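Beneath this line is the structure, given in structure tokens, with notes to follow.
In the text below, chain A, chain B and the rest are named by the order of the sequence lines, each starting its count at 1. Since the structure is predicted, the reported quantities are computational estimates derived from the model, not experimental observations.
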Number of protein chains: 2
Amino acid sequence: MQLNETHDKNLTSWVSSANANTDFPIQNLPFATFRRKGSNEVFRGGVAIGDQVLDLATVARLELFDEQAQQAVEAAAGKNLNAFMAMGQAHWSALRLALSRALRTDSELQNQLQDALIAQSDVEYDLPCHIGDYTDFYTSIYHATAVGSLFRPDNPLLPNYKWVPIGYHGRASSIGVSGQSFPRPKGQTKAPDADTPSFGPCKRLDYELELGIYLGKGNELGDTIALDDADDHVFGFCLFNDWSARDLQAWEYQPLGPFLAKNFASTVSPWIVTNEALAPYRLAWTRDENDPQPLDYLESSKNRELGALDIQMDVAVETEKMRSEGKAPYRLSQSSFKHSYWTVAQMVAHHTVNGCNFQPGDMLGSGTQSGPEHEEAGSLLELSRGGKEAIDLGNGEQRKFLEDGDTVIMRGWCEKEGYARIGFGECRGTVLPAK
Amino acid sequence: MQLNETHDKNLTSWVSSANANTDFPIQNLPFATFRRKGSNEVFRGGVAIGDQVLDLATVARLELFDEQAQQAVEAAAGKNLNAFMAMGQAHWSALRLALSRALRTDSELQNQLQDALIAQSDVEYDLPCHIGDYTDFYTSIYHATAVGSLFRPDNPLLPNYKWVPIGYHGRASSIGVSGQSFPRPKGQTKAPDADTPSFGPCKRLDYELELGIYLGKGNELGDTIALDDADDHVFGFCLFNDWSARDLQAWEYQPLGPFLAKNFASTVSPWIVTNEALAPYRLAWTRDENDPQPLDYLESSKNRELGALDIQMDVAVETEKMRSEGKAPYRLSQSSFKHSYWTVAQMVAHHTVNGCNFQPGDMLGSGTQSGPEHEEAGSLLELSRGGKEAIDLGNGEQRKFLEDGDTVIMRGWCEKEGYARIGFGECRGTVLPAK
């Protein structure tokens with residue numbers, strides 16, 4: 001992914017809210033699907049700029065762009081982004097460039113585009129695309145080790161971890177967009193000292209701080225995507241909360257993996273920050289010299305040079321008490337995707353090396369992004385050390401796991417000297433009482 | 001599911017091939033989507049009768065049925081069956097009754113429907129519906145014990161097995177219809193005596209003899225489907241081959257379950273035999289008195305009385321040598337779904353007890369249906385005792401696992417004194433050499 005004029009820190013927009021204190025400066029230009037709040041309008045594609053949404057259906061009708069960008073904006077104007085995502089990098093880049101130029105301070109298109117803006121405070125979002133299949137990876141070795149030590153004290157990190165980008169299939173139907181709420185799940189659990197399992201509401205409800213990675217162009221069944229071609233297939237990123245019922249998980253997960261502990265709800269942020277927008281925040285990817293080095297299909301100089309991504313994330317909880325007292329949410333932890341043991345390209349290459357096919361709109365979860373320090377853990381399971389230590393929320397409340405009414409809020413951003421700060425917006429979800 | 005006039009053994013059809021030696025007598029009436037072989041026609045819904053397909057798009061245009069059946073046939077005439085499957089049991093039953101009456105020997109509609117028939121030998125099939133999510137269960141305790149003893153000799157059947165209907169999410173994108181072929185998957189494997197894994201084509205490629213269970217009407221996220229309501233949501237059944245790369249599986253599956261070992265291809269038979277058609281072949285479901293009895297949400301007198309289903313299945317292999325010599329496929333094993341440790345209703349109730357939502361067209365795999373005897377095993381892994389004993393194919397060839405060019409053919413049928421024999425057709429797939 002090349003740096004180009006759209007990444008220039010000095011760009012400003014005629015949409016003044018894009019020029020300071022925003023997740024969505026002109027260097028970002030993420031995509032979502034939206035409509036006016038409470039309306040019966042059809043959802044359509046939009047691009048965030050400052051505190052506004054640029055309505056791509058309106059932009060498409062104006063026919064302002066060259067052929068490739070016009071094709072792209074017409075596809076992105078649909079009820080979901082799948083057709084646009086299927087087009088591939090050339091079309092994605094053409095539209096990004098056209099939008100960047102159209103929204104710049106000196107653009108001649110300002111008058112025509114003014115009416116295509118709608119305040120973000122006036123809209124609601126849908127899932128940005130139809131997610132056909134969702135796969136969750138497990139790329140934080142810190143998370144894998146910490147969780148492993150709780151579920152399998154004698155055997156925390158399994159021997160395959162440093163060789164295989166471990167992943168498993170998740171449930172697509174229960175993925176919802178930020179603002180999602182769901183009843184506390186019920187299920188079977190078994191206390192370590194009990195003879196038999198019991199049934200009831202989950203007592204150890206947790207979040208997982210993850211990135212979602214959207215596939216754009218897919219591959220045919222039987223074909224593979226080589227490591228160095230992965231960027232051509234990755235459309236962009238969102239924040240992702242992989243809600244988890246830890247007590248259900250501990251009882252059900254052997255031998256076939258997590259199931260009801262995860263599939264009651266998963267929440268994505270509405271905006272997809274494109275792979276291209278993230279180009280400035282790439283880093284070298286390294287593997288500790290004492291660890292196994294990747295097998296050939298997971299190894300390349302390109303992946304070594306720019307495979308990692310410094311996407312910073314944090315997670316906060318807002319309790320009912322905080323809401324009623326007008327208090328700000330409490331930040332539980334902060335981490336970065338740069339700590340990931342595997343890169344996105346390695347996930348893509350591994351997932352397809354057996355011929356498994358991606359379709360446009362498929363999503364990969366990064367797995368919980370815990371950092372090397374305990375304070376950087378991406379789940380309450382880790383922060384509370386398996387429910388043994390309560391976390392003080394600074395207002396007299398404590399949490400080991402989530403309680404009814406808790407809202408979990410995730411945020412993400414990238415910043416780097418010489419480049420603009422871009423953000424992901426919010427991923428927000430609320431636990432309702434069990435039905 | 002009540003018995004009614006459509007199940008009467010004495011019914012015959014004016015389609016003469018439906019009256020003897022067929023999987024598709026008038027008591028069956030399964031659904032598929034099809035078009036003329038090699039054509040560019042749109043796929044549309046069809047019903048099997050003898051060696052013919054009744055084209056539901058033509059039937060819909062004729063407007064022969066009462067309102068409910070007419071609504072149903074119009075939905076089933078679409079490019080996939082999802083809209084019809086979403087309608088629920090009243091519409092499914094209305095169309096079944098209308099089709100049964102229309103196809104009977106004495107039907108007044110024979111002349112009008114004659115032109116709606118196309119020979120099955122002249123058509124090709126698509127997936128019958130869009131499968132949004134696919135979950136694979138693990139309901140044969142004989143399979144779970146046999147496979148467990150190979151993967152975990154010291155701990156074959158885990159303590160949760162007799163309490164939890166174990167399942168996991170599978171990959172929907174790589175499900176194909178009978179006739180599917182795919183290259184032998186590549187991936188990481190690690191020999192027990194090796195220090196490090198290696199990469200290459202799978203050496204232990206296997207099939208799994210399963211049923212696929214299609215959900216019709218879904219449920220909202222957060223809602224549950226009670227055990228005794230499950231029949232209202234189950235549309236029907238197919239044969240399902242959950243191809244498995246055993247050497248990949250052994251290395252990758254801990255702790256999050258099978259992934260690349262399964263998602264390179266899965267094959268369904270084209271015809272969906274409806275839950276209603278299977279009503280005569282239901283059996284009492286029992287749980288050994290020495291085993292744990294189900295928790296309340298998995299227990300009911302209805303489930304005890306008629307929860308089991310005697311669907312018989314077999315699996316055969318056709319090698320390249322057999323094809324070139326004109327020899328019949330070799331039957332490897334035969335089993336029945338009646339041995340399942342859990343019923344379909346228990347799978348549905350368990351899957352939704354945490355609020356997970358089904359959508360019309362979602363599919364459940366039954367898990368490999370191995371019977372109590374070694375000869376009834378539903379996979380080569382079991383038949384060859386983990387690759388230790390070669391299976392003689394009767395023509396001088398042997399198999400421990402599948403070789404390139406092997407076609408695996410699954411069949412299923414139900415028969416019972418006093419009722420017609422109905423069948424599932426074939427589920428056929430072929431292993432191509434690794435790319």
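Both the backbone and the side chain of B/His351 come within contact range of chain A, each with at least one heavy atom under 4.5 Å from a heavy atom of that chain. Interface remark: B/Thr224 contributes no atoms to any contact with chain A (heavy atom separation under 4.5 Å). With a 4.5 angstrom heavy-atom cutoff, B/Arg184 does not touch chain A via any of its atoms. Proximity to chain A is limited to the side chain of B/Lys435, based on heavy atoms less than 4.5 angstrom apart. For chain A, the nearby part of B/Tyr297 is the side chain; its heavy atoms alone come within less than 4.5 Å. Of the two parts of B/Asp362, only the side chain, counted from C-beta on, holds a non-hydrogen atom closer than 4.5 Å to a non-hydrogen atom of chain A. In this structure, the portion of B/Leu158 lying under 4.5 Å from any heavy atom of chain A is its side chain and not its backbone. Looking at B/Leu157, there are no atoms closer than 4.5 Å to chain A (heavy atoms on both sides), in backbone or side chain. The contact between B/Leu260 and chain A is made by backbone and side chain atoms together, counting heavy-atom distances below 4.5 Å.
By number of non-hydrogen pairs under 4.5 angstrom with chain A, the leading residue of B/Asn263, B/Ile166, B/Leu221, B/Val164 is B/Asn263. Counting heavy-atom pairs closer than 4.5 Å to chain B, the top-ranked of the candidates A/Gly148, A/Ser198, A/Pro255 is A/Pro255. Ranked by non-hydrogen atom pairs under 4.5 Å with chain A, the options B/Trp251, B/Tyr138, B/Phe199 are led by B/Trp251. Counting heavy-atom pairs under 4.5 Å between each of A/Gln180, A/His130, A/Arg171 and chain B puts A/Arg171 at the top. Ranking B/Ser173, B/Gly167, B/Gly170, B/Cys356 against chain A, the residue ahead of the rest is B/Ser173, based on heavy-atom pairs under 4.5 Å. The most heavy-atom pairs under 4.5 Å with chain B, out of A/His350, A/Glu252, A/Arg152, come from A/His350. The residue among A/Ser181, A/Ala172, A/Gly355 with the most heavy atom pairs within less than 4.5 Å of chain B is A/Ala172. Comparing B/Phe264, B/Phe151, B/Phe358, B/Tyr134 by heavy-atom pairs within less than 4.5 Å of chain A, the highest count is held by B/Phe264. Contact count versus chain B (heavy atoms, under 4.5 Å) is highest, among A/Gly187, A/Pro185, A/Ala261, for A/Pro185. Across B/Cys202, B/Pro258, B/Gly132, B/Gly218, the residue that shares the most heavy-atom pairs under 4.5 angstrom with chain A is B/Pro258.
Electrostatic pairing of A/Arg287 and A/Glu299 does not count as a salt bridge here, judged by no charged N lying under 4.0 Å from a carboxylate O. The pair B/Lys190-B/Asp247 does not count as a salt bridge, with every side-chain nitrogen at least 4.0 angstrom from each carboxylate oxygen. Of the charged side-chain nitrogens involved, none lies within less than 4.0 Å of a carboxylate oxygen, so that A/Lys79 and A/Asp126 do not count as a salt-bridged pair.
Atom-to-atom distance recorded for A/Leu215:CG and A/Met347:CE is 11.0 Å, nearest 0.5 angstrom. Annotation: the span from B/Gln188 atom CD to A/Asn354 atom CG amounts to 11.5 Å, rounded to 0.5 Å.
Formation of a donor-acceptor pair under 3.5 Å by the B/Thr267 side chain with backbone atoms of B/Ala265 is not found in this model.
Side-chain contact annotation: A/His143 with A/Gln369, donor-acceptor N/O pair under 3.5 Å absent.
Of the residues listed (B/Phe137, B/Tyr161, B/Trp163), the one engaging B/Tyr341 in a ring pair (Phe, Tyr, Trp, His ring centres under 6.0 Å) is B/Tyr161, and it is the only one.
Around the CG atom of A/Asp288, the shell of radius 6.0 Å holds more than 12 heavy atoms that belong to other residues, nucleotides or ligands.
You'll find the side chain of A/Ile213 stays beyond 4.5 Å of the side chain of A/Met363, heavy atoms only. Here the side chains of B/Leu256 and A/Tyr253 are not in contact, with every heavy-atom distance at 4.5 Å or above.
B/Asp206 and B/Leu381 get closest at one heavy-atom pair: OD2-N, 2.8 Å.
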